[in-house]
Amino acid sequence: MKRALSRREFMCRCALCGLGAAFAPAWLRSAAAAGEGAARRIPVSELKEAMFWQPEAGGLVRCLTCPNECRREEGAVTTCRTRINRGGRLYTLTYGKPCVVFADPLEKNPLYHVAPGSEAIGVATAGCNLRCLYCQNWNFSQSGPWETKNMDLSPEALVQRVKDRKMKWMTFSYTEPVAYYEYALDAAKAAKRAGVKTAVVTAGYIHPKPLEELIANCDAFSVTLKGYTDDFYKRIVGCPLNKVWETITALDRAKRWVEVVTLVVPTLNDEESGLRALARSLAKLNKDIPLHFLRFSPAWKLANLPPTPVPTLERAQAIAREEGLRFVYLANLPGHQGANTVCPSCKTLLVERVGFKVLRNGIQAGRCPSCRAVIPGVDL
Amino acid sequence: MNARWVAGCIVALGLVVSRVAAAEADAEARFRQLERDIPSLYLLNGLFLTPEQNDKLAGLLKETSDLEARTQDQILAFERQHANDLGRAIERQAQKAAGMSRPPKPDASVRDVVQRVRALHDEQDGKLKELSAKACGMLTPAQREILDGFKPCFIPPRNFRDPVRVGQAKNDTGFGEKAFDKLRAVPESQLGLARQRALEFIVPYLMDKRRIPYSEEARDQVSKEISANLDAALPTIHGLNDVDFELEKSALVEQVMPIEGAVTPVRSDLEETMWKTAVYVLNPGILGVVRGRGTAQAAAAPAYVPPQRGEIKQARDRMATARVLRKLGLTSSQIGQILPVIRGGAAARGKIETEALTLEKQALEPYEQLRKELAAQTPSEDAEEESLKLHRQVKELDEVDLVEALRPYENELDKILTVSQVSVLTESGRDDRGPAPPPSPDPNAARERALQTLDRVRKMNTVEFQNSRQSVAAQFVESCVTEEESVDVISEAERAVQVMEKARGMSGTDYAGRKQDLAVELCPRRSGARPVAYGAKYLRGEPVAVLARSSNLLFTDAAARLLDEMVKRSPGRAGPP
């Protein structure tokens with residue numbers, strides 16, 4: 001059994017903690033400043049120019065990749081921490097420099113109607129253009145590339161890895177691809193040339209023109225629709241809601257495969273009326289868009305909230321079905337029947353899943369084997 | 001003083017004492033039940049049963065609860081019916097064993113009772129297997145996958161990769177990945193040392209995960225396996241570029257340190273699933289929760305009270321204790337010598353048990369809170385941390401502190417007993433998963449040989465004895481020792497010569513009265529403490545020593561009382577020297 005602390009030891013530890021707390025913010029600020037300073041010293045020849053930006057008076061630049069439209073002076077970094085003004089031009093700091101490389105099932109994104117049971121290699125870099133208070137990957141997404149351990153992986157080398165492992169899909173996931181837009185787009189183009197398909201997992205906060213390029217070169221999208229009110233979006237995510245709806249609408253109109261994901265957070269976006277409004281809007285757009293409800297796990301700045309009760313998620317699923325959506329899932333409850341794909345016409349169980357694993361896929365050439373109803377998706 | 005008043009006080013005091021004892025037994029029983037309910041509820045929450053499945057499970061749980069209660073009633077009734085006979089038979093045996101060179105064969109009545117109780121348990125096990133099969137049969141393939149992969153632990157660790165926590169992660173490669181990350185960071189010139197260091201962490205980790213009972217041979221076997229795997233993989237681990245390493249590392253970990261290794265598991269996969277179902281799914285303690293999740297959403301049932309096993313356990317332990325004492329073949333002198341050691345050990349155990357009971361009572365509130373939150377499927381980090389802290393403290397008391405407290409008494413006992421008698425005590429000290437121990441030498445056979453040796457030397461003339469005493473002593477000592485025991489043959493042979501001389505110097509009457517004691521004195525003793533026995537549990541990377549089953553039986557108040565009776569009733573009534 002461990003011995004108790006003596007009074008002296010306790011007082012010493014308290015004093016050390018107090019000193020640490022007093023000096024930590026200053027130390028952290030100076031560390032961050034030193035990091036950004038390092039970004040300013042990278043030779044321009046090693047940087048890739050951003051695609052969507054415009055110069056402004058006084059040597060400023062305005063980024064036009066996402067609606068943040070960050071306007072920055074010389075040497076300053078954008079909100080997403082991945083672009084920098086150097087000599088009056090905007091450059092990306094994360095091109096070919098992922099901090100995460102992974103091989104995961106497509107179901108993890110979640111993408112349930114895209115090549116069920118397939119694995120994909122994916123990348124993510126540091127940075128994000130949003131500030132979701134409950135981000136599970138905050139240690140990458142809320143960091144600049146000077147704060148993460150990065151690898152060298154050109155778009156072509158990434159695609160080669162996919163082909164070497166005889167995989168057919170590549171994904172951009174874990175952090176926001178809009179933050180590493182140029183890298184993602186070039187990789188998607190290289191993949192397309194090589195016969196590899198690309199899935200993009202995004203919060204959808206992107207301008208129309210960059211989105212068009214992604215639509216032209218990528219094959220499937222998982223868009224996180226985090227809530228159903230503008231107030232929620234501004235408070236919890238840090239951007240307006242309408243831009244995300246525009247992205248989902250644009251993807252659907254372009255006939256690109258899209259699945260929508262909503263993380264249900266207790267007390268913030270779990271009201272029945274709101275979930276019903278969300279489902280109704282989505283069904284109005286396209287009843288075949290799969291909607292995934294995810295269970296919230298306490299993280300980062302919302303570590304004080306409880307996990308979403310399972311009955312809340314089950315109710316959300318029922319509501320979404322009542323509003324006419326044909327494919328509604330509970331995606332991160334391994335073992336729950338809510339993760340299975342059921343034929344909306346004859347209710348035959350088509351795909352049985354546990355977690356990210358597909359136990360059984362009964363879809364035949366994109367159709368239900370019982371009633372021959374078309375099951376929408378990609379490579380089913 | 002008014003006699004009636006005094007009598008009333010005594011009765012009241014007795015009632016209070018018995019109420020306190022009953023309350024403590026209830027607290028302990030409730031603690032044990034909660035220790036089962038909590039992992040059961042994690043598993044239940046992870047299975048996401050439909051309301052219809054919950055209804056079916058509720059039915060099976062009721063059947064299980066009735067089966068347990070019925071079997072316990074039958075066993076209790078049977079043992080009560082035979083309690084007096086049993087008690088007398090056992091004590092008679094132990095007493096006779098004290099006075100004889102070879103104890104009588106076990107009474108047929110004792111054998112019959114033991115067999116009947118065993119048959120009742122086997123019947124219960126058979127029915128439980130049927131119920132387990134029904135429970136498994138109602139699960140979907142996805143749920144069955146969850147159950148098959150479930151590794152029981154009290155509270156599942158928080159794992160970012162798997163936010164829905166059921167049990168320990170099935171194929172958690174995190175530990176190995178961290179080790180390989182460190183190996184990659186080391187310059188080539190220091191790789192040898194880093195590799196050695198990595199093995200020091202990986203080997204105990206893997207033995208723990210594979211649940212291999214610790215022994216030097218087992219450790220060397222695992223070390224050899226992992227060394228070879230690591231040497232083959234090291235060029236890859238060190239040589240891959242960062243990207244390919246990220247993509248390959250979990251596969252590398254599974255290749256170098258597979259959890260399912262060379263050791264044959266105790267149970268097959270199916271048996272393992274059936275066992276988990278019986279313990280964690282068919283736990284009558286969660287019946288109320290299951291009912292509440294059914295189609296009718298029944299109101300909470302009263303807390304489940306498991307059948308009281310205390311009485312049965314006490315009776316069983318008394319029988320087992322008496323069996324051990326019978327096997328030892330103690331002389332009346334030895335009984336007197338070991339009695340204070342047994343009392344000391346029992347007192348040490350009592351102290352640990354009191355401390356454990358205090359912690360268990362303290363744990364009831366946080367456990368109940370966590371259970372409530374699990375029933376609502378929203379366990380909080382605070383409740384989990386508090387419960388886990390207390391669980392670990394109780395576990396450490398039971399598994400580490402108790403062993404440390406009783407080891408000195410084991411060592412004292414080993415000084416009094418012969419080496420063959422100590423072998424009897426240690427033969428049941430190994431984990432069931434370990435290899436079967438070699439059969440221990442019969443202490444009574446050793447004692448008979450000792451008697452024959454003493455009779456022989458008493459018949460020798462002086463010259464014959466002078467010439468042959470060393471060789472006779474050495475031969476006798478060597479005949480009592482197997483490879484496993486640590487005996488200083490030379491010292492013990494010298495001591496044996498002294499005993500033989502003592503025997504030769506006695507009159508015929510004295511010798512006849514004391515020859516059993518002399519025979520025991522002649523038998524060799526261990527020269528050092530008995531080797532530490534380990535099970536398959538590890539604490540912070542170190543194997544946890546286990547007590548021999550005999551120590552759990554002997555260092556108890558029940559054993560002390562039994563020995564007391566034997567001292568009072570045995571012929572010659574020898575006490576401590």
Side-chain angles (χ1 to χ4, degrees), chain A residues 1-2 96 98-104 108 121-123 136-137 139 149-154 157-158 160-162 164-165 167 266 294-299 303-314 330 332-340 349 352-360, chain B residues 43-53 139-150 158-166 170 181 185 240-251 293 297 352 355 359 373 376-383 389 392-394 396-397 400-401 404:
Chain A
M1 300 285 283
K2 294 177 185 161
C99 58
V100 182
V101 178
F102 53 88
D104 277 340
K108 197 171 177 185
I121 287 186
V123 292
Q136 300 280 328
N137 296 322
N139 49 348
K149 190 174 167 235
N150 306 316
M151 294 164 259
D152 288 317
L153 186 66
S154 68
L158 168 59
Q160 191 56 50
R161 295 293 191 297
V162 177
D164 287 346
R165 283 161 181 77
M167 292 181 186
L294 297 189
R295 187 181 202 193
F296 163 77
S297 289
N304 56 312
L305 292 180
T308 321
V310 174
T312 303
L313 293 165
E314 289 168 342
L330 301 183
N332 64 347
L333 300 179
H336 197 287
Q337 293 188 353
N340 296 336
L349 175 61
E352 190 161 12
R353 298 180 181 88
V354 60
F356 310 132
K357 192 173 164 184
V358 170
L359 297 178
R360 193 174 69 83
Chain B
L43 177 57
L44 184 73
N45 289 347
L47 289 174
F48 298 108
L49 300 179
T50 62
E52 294 73 23
Q53 285 178 315
L139 299 177
T140 64
Q143 290 165 332
R144 184 58 194 267
E145 183 93 1
I146 301 276
L147 180 60
D148 287 345
F150 171 62
R158 288 193 169 254
N159 179 358
F160 171 59
R161 292 182 193 192
D162 179 17
V164 179
R165 297 141 58 223
V166 178
K170 187 177 181 184
D181 281 339
L240 277 179
N241 62 52
D242 289 343
V243 170
D244 290 322
F245 177 70
E246 283 301 308
L247 290 170
E248 299 297 332
K249 68 179 173 184
S250 65
R293 295 182 188 180
Q297 292 189 345
I352 301 276
E355 218 179 314
L359 278 174
E373 290 176 4
Q377 299 184 70
T378 52
S380 69
E381 208 171 332
D382 286 346
K389 188 180 81 178
R392 282 180 178 152
Q393 284 174 358
V394 172
E396 210 163 313
L397 269 177
V400 177
D401 295 8
E404 280 175 14

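Protein chains get the first letters and strands the later ones, always in sequence-line order, with residue 1 at the start of each. Keep in mind that what you see is a predicted model, and the values were worked out from it rather than measured.
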query = Given the options B:Glu373, B:Glu246, B:Gln143, which has more heavy-atom pairs under 4.5 Å with chain A than any of the others?
reply = B:Glu246
key: With sequence neighbours excluded, residues passing side chain to side chain contact (heavy atoms under 4.5 Å, CB included) with A:Arg360   = A:Leu349, A:Glu352
remark   = Heaviest contributor of heavy-atom pairs below 4.5 Å to chain B, chosen from A:Glu314, A:His336, A:Lys149, A:Gln337, is A:His336
request  = Please answer whether the main-chain N or O of A:Asn332 pairs with a side-chain N or O of A:Arg295 as donor and acceptor at a distance below 3.5 Å.
outcome  = no
request  = Heavy-atom distances under 4.5 Å only: say whether A:Asp152 touches chain B with side chain, backbone, both or neither.
outcome  = backbone
message = For B:Asp382, give me all partners under salt bridge (charged side-chain N to carboxylate O under 4.0 Å, His left out), at least two apart in sequence or on another chain.
response = none
note = The interface call for B:Glu248 against chain A, heavy-atom contacts under 4.5 Å, is side chain
task = Specify which of B:Asp242, B:Thr378, B:Val243 makes the most heavy-atom pairs with chain A at under 4.5 Å.
result = B:Val243
message = Tell me whether A:Arg353 is salt-bridged to B:Glu145, with the criterion being a basic N under 4.0 Å from an acidic carboxylate O.
response = no
request  = Look at atom CZ of B:Arg392 and say whether more than 12 heavy atoms of other residues, nucleotides or ligands are closer to it than 6.0 Å.
outcome  = no
task = Identify which part of A:Ile121 has an atom lying under 4.5 Å from any heavy atom of chain B, answering side chain, backbone, both or neither.
result = side chain
